[in-house]
Amino acid sequence: MGVQSRSLETKIQPLVLSLVKGGADTRIVNQFVALCHRMATRYITMKANNPSWYQQIQTEKINDLAWDSIAELFRTDDDGRFTCLIDYYQSINLEKITEGELYSATRRLVFRKVNDSLFRFMHDYDPSLSKIIRNVKLAVKESREVSLVRRWNTYFLIFGNEGDNSISVTGWMPPEILNARLHPFLTTKENLHEVITQIHDMITTQNDYVHAYPLVPLCLIIRESHIFIQDPLPRSVKPASNLIQDDVSRIIHSSITYLKIGLRQRYVQTGKIDENTFDNYFYGIRDYYIDSYVFFIEDIPYFTYIKKYLPGLTYSLYRNYHRKYVEYLMRLSRSHIQQQLGKVI
């Protein structure tokens, strides 16, 4: 399953270029739809295992929810252009971006659409959330520092001036972090205007995440914070599997890049490993940990991931020459990734 998803990664760049620039035939559209549906299905399946958010999702509904979630991405205007995709990818240099980076950017788009769809799905079962959303919208109308905008068919709160830190694909603050920072400042006395002001200050005084937040997830955080105040049972932060997958992916990419730069002299400049092989090791290592930490796909040998980037590699050659390097770099990468994830858990 994981290998199949990675095989599609090498094809994503020409698919996106055709869809954005025009001229995509039915085959290309179907390939990209299938890729997005696979991403959405995996993400919903993972979310369905978290009873605190998605108790109403039943296994038989996951496939339909996935289709509903991505349908908006493929709506066209009168000229047949995929306007949502064009709007999203216009800030990305599609000629220079790597396949892996484009795959991650596409996954972020799909995850956003899935979250939006799931929150709408929950809306039918959660009238109290609707009331909070309505009241937050009213509070924002009266605020000079917070505004409400619509991007990719999703409502976002912009904290400060939109031009200072506009919505981007870098992601917003994970809910676990915002929750942890918000709880100590709340009592049962704050009104919603004061809560929004507090959140505004927390988001605008940091630069690790964009100064914006999707409306519905923010309302869920506000409600959870007040429930915590009224019933302060001991709680612990769940492991990295519960972080927004955008940020887990970002941490993995950042860790791999950091290690690749730091270890290049040790292996490439000393002649132990040629530069192309060294880079391909880390492409495979990146894919392995994306599958492990984002999609929870396990028990696929390291060899499978490395062979993708070294097509002529035999297991005999891997065992006799490459395995000692790959296994050592895998251990280093795991340690560094877990250390970075620990900073936001």
Side-chain angles (χ1 to χ4, degrees), residues 1-44 66-117 150-154 156 166-172 210 214 244-250 252-254 256-257 279-280 282-284 286-287 289-291 294-295 297 305 308-309 311:
M1 186 174 181
V3 176
Q4 185 181 17
S5 70
R6 288 294 168 262
S7 67
L8 287 171
E9 180 179 341
T10 59
K11 301 177 182 179
I12 193 171
Q13 194 169 27
L15 296 181
V16 173
L17 280 169
S18 297
L19 289 164
V20 171
K21 294 189 175 182
D25 57 27
T26 303
R27 179 183 60 84
I28 290 176
V29 174
N30 288 341
Q31 283 183 333
F32 192 71
V33 169
L35 173 62
C36 292
H37 182 260
R38 185 176 293 109
M39 292 177 179
T41 301
R42 287 175 173 176
Y43 192 46
I44 296 172
W67 285 121
D68 290 343
S69 299
I70 65 172
E72 184 73 27
L73 297 177
F74 300 98
R75 290 185 180 178
T76 58
D77 61 12
D78 293 339
D79 296 322
R81 297 178 303 174
F82 295 96
T83 53
C84 184
L85 297 177
I86 293 171
D87 181 50
Y88 180 75
Y89 288 114
Q90 66 181 352
S91 62
I92 299 174
N93 189 332
L94 296 176
E95 302 290 347
K96 294 185 178 180
I97 192 172
T98 66
E99 294 287 345
E101 290 169 340
L102 185 56
Y103 187 91
S104 294
T106 302
R107 186 170 53 235
R108 286 194 290 269
L109 173 62
V110 171
F111 287 172
R112 286 174 178 172
K113 303 307 293 184
V114 167
N115 280 330
D116 195 44
S117 179
R150 190 175 180 87
R151 295 287 187 275
W152 312 306
N153 203 38
T154 300
F156 288 83
S166 60
I167 297 173
S168 68
V169 296
T170 56
W172 48 82
V210 68
I244 286 183
Q245 277 56 50
D246 299 18
D247 296 279
V248 176
S249 298
R250 177 183 56 79
I252 292 171
H253 278 274
S254 177
I256 294 301
T257 300
D279 287 339
N280 286 330
F282 278 100
Y283 294 146
R286 175 205 63 195
D287 289 358
Y289 284 111
I290 289 288
D291 273 352
V294 175
F295 296 119
I297 298 171
Y305 289 92
K308 175 193 169 181
Y309 294 99

Enquirer: Run the salt bridge (charged side-chain N to carboxylate O under 4.0 Å, His left out) test against D77 and tell me which residues pass, sequence neighbours left out.
Expert: R81
Enquirer: Out of I92, L85, I97, L102, which residue meets the side chain to side chain contact (heavy atoms under 4.5 Å, CB included) rule with V16?
Expert: L102
Enquirer: What pairs with T83 under side chain to side chain donor-acceptor pair (under 3.5 Å), at least two apart in sequence or on another chain?
Expert: none
Enquirer: I'd like to check the side chain to side chain contact (heavy atoms under 4.5 Å, CB included) partners of N30; sequence neighbours left out, ordered by chain and number.
Expert: T26
Enquirer: Could you name each residue pair satisfying salt bridge (Lys or Arg N to Asp or Glu O under 4.0 Å) that touches residues 13-22, not counting sequence neighbours?
Expert: K21-E95
Enquirer: I need the Q13 CD to E101 CD distance, nearest 0.5 Å.
Expert: 10.0 Å
Enquirer: Just do the side-chain contact (heavy atoms from CB on, under 4.5 Å) check on V33 and F74 with the steps written out, would you?
Expert: CA-CA 8 Å; V33 169; F74 300 98; 3.6 Å; yes
Enquirer: Residues two or more places apart in sequence or in another chain: which of them pass ring pair (Phe, Tyr, Trp, His ring centres under 6.0 Å) with H37?
Expert: W67
Enquirer: Rounded to the nearest 0.5 Å, how far does CZ of R112 lie from OG of S69?
Expert: 15.0 Å
Enquirer: Answer yes or no: is there a side-chain heavy-atom contact under 4.5 Å between Y309 and D279?
Expert: no
Enquirer: Among all residues two or more places apart in sequence or in another chain, which pass the ring pair (Phe, Tyr, Trp, His ring centres under 6.0 Å) test with F82?
Expert: none
Enquirer: Walk me through whether E99 and Y283 qualify under side-chain contact (heavy atoms from CB on, under 4.5 Å).
Expert: CA-CA 11 Å; E99 294 287 345; Y283 294 146; over 6 Å; no
Enquirer: Begin with the C-alpha distance, continue with both residues' side-chain angles, and end with the deciding distance and a verdict on side-chain hydrogen bond (donor to acceptor under 3.5 Å, both in side chains) for Y89 and T106.
Expert: CA-CA 9 Å; Y89 288 114; T106 302; 2.7 Å; yes
Enquirer: Can you tell me how far SG of C84 sits from CD of E72, rounded to the nearest 0.5 angstrom?
Expert: 6.0 Å
Enquirer: Which atom names give the shortest non-hydrogen contact between H253 and S104, and what distance separates them?
Expert: NE2-OG, 2.9 Å
Enquirer: Contact between V110 and Y43 at the side-chain level, heavy atoms closer than 4.5 Å - yes or no?
Expert: no
Enquirer: Measuring from atom CG of L73 to atom NZ of K113, what distance do you get when rounded to the nearest 0.5 angstrom?
Expert: 6.0 Å
Enquirer: If we only count heavy atoms from C-beta on, is the T98 to Y103 side-chain gap below 4.5 Å?
Expert: no
Enquirer: Can you tell me how far apart CD1 (I70) and SG (C36) are? Round to the nearest 0.5 Å.
Expert: 5.5 Å
Enquirer: For L94 and L17, work out which heavy atoms get closest and say how close.
Expert: CB-CD2, 3.5 Å
Enquirer: If I take atom CD1 from residue I256 and atom CZ from residue R286, how far apart are they, to the nearest 0.5 angstrom?
Expert: 8.5 Å
Enquirer: I need the single residue from D68, I44, L109 that forms a side chain to side chain contact (heavy atoms under 4.5 Å, CB included) with V114. Which is it?
Expert: I44
Enquirer: Determine whether Y88 and R108 make a side-chain contact, defined as any pair of heavy atoms from C-beta on separated by less than 4.5 Å.
Expert: yes
Enquirer: Looking only at side chains, do R38 and T41 share a donor and an acceptor under 3.5 Å apart?
Expert: no
